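Okay, structure first, notes after.
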Amino acid sequence: MTDGIERQGTVGLMELPRYIDHTLLKADSTLPAVHKLCREAAQFGFYSVCVNGYWVPFCREELAGTSVKISAVVGFPLGANASVVKAFEAAHAAEQGAGDIDMVLAVGLLLEGNRAAVQADIREVVKAVEGQAIVKVILETGFLNDAQKREACELAEQAGAHFVKTSTGFGPGGATVDDIRLMRAAVSPHVQVKASGGVRDWATALAMIEAGAARLGTSSGVALMSGPEGSSASPASY
């Protein structure tokens, strides 16, 4: 169950929306802001909205009758929750309508070399939503060296994750082309890569896709749809 997008050559403006997880994860997000996020996602035909779990039921109602899916974050943004809590949070979000779960890897456990605990943490979440949602594992690459990034990708795949993802947007750094290439090379073809953190313009989005990203997490989806020269795109019908 990968439910992603295979990268095929150069991506044009009409194809770009299906790469985008339109994101709003700020602590001060309000109902009007989430309503706006959903309307934009439906207008442009983005792949999903990416929100905190509290907003999943609201998004489900707002997006009914559209093709837009819901991504919910789990263990966000630190990844330091107990595994049982992450699993419950993921299962609850899936039951309420989230088709994607973006979980934060247990970064501290990875840094201390506790591979078994990192893998078990991911596996609990994967099992909790099996058959209901796909799981993306956020590595928080800004804390990791290249060897640790590869190790995290390998553990995520071994635990049954469907995607590896760069960043929360709340930690150090963000997505880079080099990291996308590294992560793409570190996993099998059936595991996909999501670039998140700092994807704010057309050139960056295209570079991430060309490097191997099958999904883009960004709060700048509408700006991206202005295209490479800033011209407005025609919104998709919904």
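Here the structure is a predicted model, which is why all the values come from computation and not from measurement. Only this structure's heavy atoms are used, side chains among them; waters, hydrogens and symmetry mates stay out.
The main-chain N or O of A186 is never found under 3.5 Å from a side-chain atom of E154 such that the two would form a donor-acceptor pair. Formation of a donor-acceptor pair under 3.5 Å by the K86 side chain with backbone atoms of I122 is not found in this model. Proximity of a side-chain donor or acceptor of R18 to a complementary backbone N or O of G45 within less than 3.5 Å is detected. A side-chain donor-acceptor contact under 3.5 Å links E157 to the backbone of S188.
Note on W55 and F46: separate hydrophobic clusters, where clusters join Ile, Leu, Val, Met, Phe, Trp and Tyr whose side-chain heavy atoms are under 4.5 Å apart, directly or indirectly. Hydrophobic clustering, with ILVMFWY side chains joined whenever heavy atoms are under 4.5 angstrom apart, groups L144 together with V193.
For F170, the CZ atom counts as densely surrounded, since its 6.0 Å shell holds more than 12 non-hydrogen atoms of other residues, nucleotides or ligands. The local environment of CZ in F88 is sparse, with at most 12 non-hydrogen atoms from other residues, nucleotides or ligands closer than 6.0 Å.
In summary, of the residues considered (R215, K194, H162), a side-chain hydrogen bond (donor to acceptor under 3.5 Å, both in side chains) with D100 occurs for R215 alone. A side chain to side chain contact (heavy atoms under 4.5 Å, CB included) with K165 is found for exactly one of L139, D102, V137, V104, namely D102.
No side-chain donor from either of R115 and Q119 sits under 3.5 Å from a side-chain acceptor of the other.
Partners of S83 according to the side chain to side chain donor-acceptor pair (under 3.5 Å) rule, which considers only residues two or more places apart in sequence or in another chain, are D121. Residues forming a side-chain contact (heavy atoms from CB on, under 4.5 Å) with V85 (at least two apart in sequence, or on another chain): N81, A82. When the salt bridge (charged side-chain N to carboxylate O under 4.0 Å, His left out) test is applied to K36, the partners found at least two apart in sequence or on another chain are E40.
In plain terms, the two heavy atoms of V118 and L105 that are nearest each other are CG1-CD1, 3.9 Å.
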